[in-house]
There are 2 protein chains.
Amino acid sequence: MTYNDIPRHLAAVDCIIFGYDIIDKEIKLLLVRRNFEPAKGLWSLAGGFVMDDESLDEAASRILFNLTGLRNVFPEQSYTFGNRERDPGARVISTSYYALIKILDIDHSIGGNKDAEWFPISGLPQLIFDHDEMVRKALACLRRQVKINPVGFELLPEKFTMVQLQDLYEAIYQRKIDKRNFRKKIVSMKLLEKLDEKEKLTSKKGAFYYRFIKEEYENQKRNGFYFNLDIGK
Amino acid sequence: MTYNDIPRHLAAVDCIIFGYDIIDKEIKLLLVRRNFEPAKGLWSLAGGFVMDDESLDEAASRILFNLTGLRNVFPEQSYTFGNRERDPGARVISTSYYALIKILDIDHSIGGNKDAEWFPISGLPQLIFDHDEMVRKALACLRRQVKINPVGFELLPEKFTMVQLQDLYEAIYQRKIDKRNFRKKIVSMKLLEKLDEKEKLTSKKGAFYYRFIKEEYENQKRNGFYFNLDIGK
DNA sequence: CCAAAAGTGTTCGAATTACACCCATGA
DNA sequence: TCATGGGTGTAATTCGAACACTTTTGG
């Protein structure tokens with residue numbers, strides 16, 4: 001047996017790019033209009049093929065960077081889709097990655113780009129191939145992750161209010177959460193620093209800003225404390 | 001842009017085959033001795049390349065069947081490994097799958113096979129390439145799954161005792177569990193049927209056999225009850 | 001002064017944990 | 001009869017869930 005007789009396949013990476021719209025209080029996906037056949041003109045995830053000189057992870061980072069200009073976001077692998085007929089143009093084995101980004105970090109850079117657009121997950125357009133299943137699986141990953149890792153903060157600005165944080169979790173879980181219980185739990189983690197500054201756009205009283213203390217999280221992790229934000233019903 | 005200029009890659013599947021040794025009370029892996037270069041002669045996961053006429057899932061099932069003769073076990077995808085240099089022989093993108101099987105279902109068929117052998121996860125031989133990382137990731141998947149799905153029963157014979165079930169969970173979690181609390185929780189799920197028969201090999205008194213009632217599990221799932229066997233410390 | 005959003009504690013029930021002795025039987 | 005492993009219940013605690021009013025301030 002040698003490696004020569006073995007069939008080779010196109011390997012692709014598709015990125016589910018999650019953002020959180022702090023105004024609409026909705027999780028959104030950054031989609032692109034596909035500019036080549038098959039399915040040209042339809043909306044799709046940001047994707048591309050894996051080249052010879054890059055790993056899967058590197059391909060995912062490249063695709064993310066090309067669309068968003070962000071370099072310090074590291075996509076997480078979700079699942080690999082390998083049905084024979086999933087892409088009618090050719091057999092393509094595609095690995096999906098998801099990334100969490102702050103919408104404000106990039107909305108200027110894609111502002112003029114008519115081929116990229118944010119869509120709320122509850123109102124996605126029709127997607128090509130099996131991209132809708134990729135989205136479903138990535139959402140499941142996100143919901144699982146968000147319970148055991150402080151990834152929610154990657155979707156929010158540096159400074160955020162408790163109300164915004166809770167709105168985010170409600171958007172992810174698709175469920176109303178009790179305000180007092182939520183704040184109690186968050187505060188008990190001691191991972192947030194309350195700033196002196198207030199956000200005063202959405203109320204007259206104003207809401208204090210908080211900041212996620214990443215160093216404290218790393219510290220707790222080293223000491224064997226695990227993040228847990230399971231808001232079970 | 002056309003699909004013609006794009007580099008194509010070898011796509012492989014590697015299977016982490018979990019078994020549970022009811023005597024040693026250990027989770028084991030079925031490994032094979034690799035019979036081609038590179039790394040010929042070393043132990044490795046059961047693997048193979050993805051052919052043109054099969055999906056990734058089908059490739060995993062085929063590889064599992066070729067080694068074990070089992071048809072009604074469906075491997076679950078774990079993770080895809082795509083570093084450029086992971087296989088020194090050629091660039092191979094490999095998706096790992098894990099499967100849970102009953103050791104007794106197959107130990108006769110691999111009994112004479114000197115190129116396949118069960119190893120306890122705590123005493124694995126050196127594995128080729130990044131197969132040790134595949135094992136780590138699959139174990140993490142298994143530990144996560146076992147909390148929310150009744151997959152443990154796939155590792156046990158049809159009839160098993162409470163002690164055996166508890167030993168299994170202790171082997172998976174690598175932690176001692178309180179006997180009374182464990183049984184209380186198991187019984188409260190109402191997913192087990194107590195049989196009249198006793199296992200009398202390991203004690204004079206004998207231990208009652210139980211059977212997992214799959215239909216009842218399906219029934220509960222339909223009614224919105226979720227399996228949960230989280231033995232948090 | 002009032003509308004609108006932020007912020008704050010307590011109580012109750014359920015679930016989890018810790019813990020120690022009796023039972024059945026083959027050798 | 002005794003050594004061995006199987007089987008059982010209760011009390012203490014913790015954790016999650018439910019729930020309503022006060023505060024601030026810009027208009």
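Bear in mind that the values here come from a model prediction, so they are computed numbers and not experimental data. Atom set for the values below is all heavy atoms of this structure, side chains included, hydrogens, waters and symmetry mates excluded. Sequence lines set the chain letters: A, B, ... in the order given, protein chains first and strands last, and positions in each chain run from 1.
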Rounded to whole angstrom units, what separation is found between the [atom1] atom of [X] and the [atom2] atom of [N]?
| X | N | atom1 | atom2 | value |
| --- | --- | --- | --- | --- |
| B/D178 | C/dC21 | CG | P | 15 Å |
| A/N181 | D/dA17 | CG | P | 7 Å |
| A/F182 | C/dA6 | CZ | C1' | 14 Å |
| A/L201 | C/dA4 | CG | P | 18 Å |
| B/K198 | D/dG5 | NZ | P | 15 Å |
| B/I177 | C/dT16 | CD1 | C1' | 14 Å |
| B/R183 | D/dG6 | CZ | P | 8 Å |
| B/Q166 | D/dG7 | CD | P | 11 Å |

Can you confirm whether B/R34 sits close enough to B/F129 that some side-chain heavy atom of one is under 4.5 Å from a side-chain heavy atom of the other?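 Sidechains of B/F129 and B/R34: in contact.
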By nearest heavy atom, map A/G206 and B/A207 onto DNA chain D; which one lands nearer the 5' end?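 Result of the comparison: B/A207.
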Within the 4.0 Å heavy-atom criterion, would you say [X] contacts the bases, only the backbone, or no part of the nucleic acid?
| X | answer |
| --- | --- |
| A/T161 | nothing |
| B/K179 | base |
| A/K184 | base |

Consider the side chain of A/S203, meaning its heavy atoms from C-beta on, and name the nucleotide among D/dG16, D/dG7, C/dA5 that approaches it most closely. C/dA5
By nearest atom, which of the nucleotides C/dA6, C/dA18, D/dG6 is closest to the B/T202 side chain?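 Per side-chain heavy atoms of B/T202, the pick is D/dG6.
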Check the angle between the aromatic planes of [X] and [Y] and answer parallel, tilted or perpendicular using the 30° and 60° thresholds.
| X | Y | answer |
| --- | --- | --- |
| B/Y169 | B/F182 | tilted |
| B/F119 | B/W43 | perpendicular |
| B/F153 | B/F212 | parallel |

Quick one: is D/dT25 close enough that its OP1 or OP2 comes under 4.0 Å of any side-chain N or O from A/K200?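 Result: no.
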State whether A/E133 and A/K137 are salt-bridged, where the test is any N-O pair (Lys NZ or Arg NE/NH1/NH2 against Asp/Glu carboxylate O) under 4.0 Å. yes
Base of C/dA20, side chain of B/R180 - is there a donor-acceptor contact under 3.5 Å?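 Side chain to base: pair present.
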Is B/K205 side chain donor-acceptor paired with the C/dA24 base, going by distance under 3.5 Å alone? no
